[in-house]
Amino acid sequence: MLETARVSMVNGDDVTISVNLAAAVRKAENGFFSDLPEAEAVESAARYLRFLTLIKRYPQTSLAPTRDIDEMWHAHMLHPVAYYRDCIANFGEIIDHDGGFGAEEDEAPVLAATFQHTAELWEKEFGEPYTSNDSRGVKCKRDCVNRCWHACKK
């Protein structure tokens, strides 16, 4: 069963998706969210909707997701019909995702700058930090600030 999720913003930049991602990621075997409490999956789904809101508000700006938001984005794309319809309804086009960007040495500084800019926009728009020190329990040897493209392990 598909359920609609919506983030309503003060200026009317509503973003709606037609998949209950919190429930979908909790069903995934060995996924990023499979062993986390339901409340964390729900919060990450809400953060993903806020990320989509930033995409809608800043359509010409490159944005970089945190790891939990990236995982939700992947989960959304695993429902291709819903992802297509949701993107068209919210943005008028498909939102592309370059999941491997940043892995190459010359891309890392670009990703870091994009991530920093995303964090600044997030705090400006939502009045809260984009990342937290807990990093969802992920231990990382690199300074990737919650945006890990090397599949760091717990």
Side-chain angles (χ1 to χ4, degrees), residues 1-28 31-34 36-103 107-108 110-138 144-152:
M1 176 164 101
L2 296 180
E3 298 176 28
T4 300
R6 174 186 300 269
V7 170
S8 295
M9 305 311 292
V10 174
N11 67 358
D13 290 332
D14 288 359
V15 172
T16 303
I17 64 172
S18 57
V19 179
N20 181 337
L21 292 177
V25 297
R26 298 281 297 145
K27 292 179 186 178
F32 181 74
F33 295 98
S34 62
L36 293 177
E38 181 179 356
E40 288 190 42
V42 169
E43 175 57 24
S44 291
R47 286 171 43 78
Y48 172 64
L49 287 170
R50 290 192 296 271
F51 182 77
L52 292 179
T53 299
L54 284 183
I55 291 173
K56 189 170 186 177
R57 286 185 181 176
Y58 300 94
Q60 301 304 316
T61 302
S62 294
L63 300 171
T66 60
R67 178 133 188 240
D68 68 316
I69 291 171
D70 190 53
E71 293 290 335
M72 284 293 173
W73 197 351
H74 286 248
H76 194 187
M77 289 186 289
L78 288 174
H79 297 83
V81 173
Y83 185 74
Y84 172 83
R85 288 179 183 159
D86 294 343
C87 283
I88 296 301
N90 287 296
F91 311 107
E93 63 183 352
I94 301 299
I95 302 303
D96 195 19
H97 181 330
D98 186 356
F101 186 80
E107 296 172 340
V110 176
L111 178 59
T114 301
F115 191 91
Q116 179 61 39
H117 183 66
T118 305
E120 291 166 3
L121 287 176
W122 185 279
E123 190 156 347
K124 173 186 159 194
E125 294 292 331
F126 307 120
E128 65 186 31
Y130 190 41
T131 62
S132 65
N133 291 333
D134 72 4
S135 186
R136 300 243 184 267
V138 175
C144 56
V145 194
N146 250 0
R147 172 60 173 104
C148 190
W149 55 87
H150 290 282
C152 297

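Computed from a prediction, not measured in an experiment: that's the story for all the values here.
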Between [atom1] on residue [X] and [atom2] on residue [Y], distance to nearest 0.5 Å:
X     : Y      : atom1 : atom2 : value
Leu78 : His76  : CG    : NE2   : 10.5 Å
Leu49 : Lys56  : CG    : NZ    : 11.5 Å
Leu54 : Lys124 : CG    : NZ    : 10.0 Å
Ser18 : Arg85  : OG    : CZ    : 7.5 Å
Asp96 : Met77  : CG    : CE    : 8.5 Å

Between the side chain of [X] and the main-chain N/O of [Y], is any donor-acceptor distance below 3.5 Å?
X      : Y      : answer
Arg47  : Tyr130 : yes
Thr118 : Ala64  : yes
Asn90  : Ile17  : no

Is there side-chain contact between [X] and [Y], with heavy atoms separated by less than 4.5 Å?
X      : Y     : value
His97  : Asp70 : yes
Tyr83  : Cys87 : yes
Asp68  : Tyr48 : no
Leu121 : Thr61 : yes
Phe91  : Leu52 : yes
Val25  : Met72 : yes

Residue pair [X] / [Y]: nearest heavy atoms and the distance that separates them:
X     : Y      : result
Val15 : Thr53  : CG2-OG1, 3.4 Å
Thr66 : Phe115 : CG2-CZ, 3.9 Å
Ala45 : Leu21  : CB-CB, 4.5 Å

side-chain contact (heavy atoms from CB on, under 4.5 Å) against Gln116, all qualifying residues, sequence neighbours excluded: Glu120
Pair Trp122 + Phe51: ring centers closer than 6.0 Å: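 No; Phe51 has its ring centre 6.0 Å or more from that of Trp122.
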CA sep, side-chain torsions, deciding dist, call: Leu63, Ile55, side chain to side chain contact (heavy atoms under 4.5 Å, CB included): CA-CA 7 Å; Leu63 300 171; Ile55 291 173; 3.7 Å; yes
Those residues that, when tested against Glu93, pass salt bridge (Lys or Arg N to Asp or Glu O under 4.0 Å) (two or more places apart):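 Counting only residues at least two positions away or on another chain, Glu93 forms no salt bridge (Lys or Arg N to Asp or Glu O under 4.0 Å).
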Salt bridge Glu123-Arg50, side-chain N to carboxylate O under 4.0 Å: no
Within 6.0 Å of OH in Tyr84, more than 12 heavy atoms from elsewhere: no
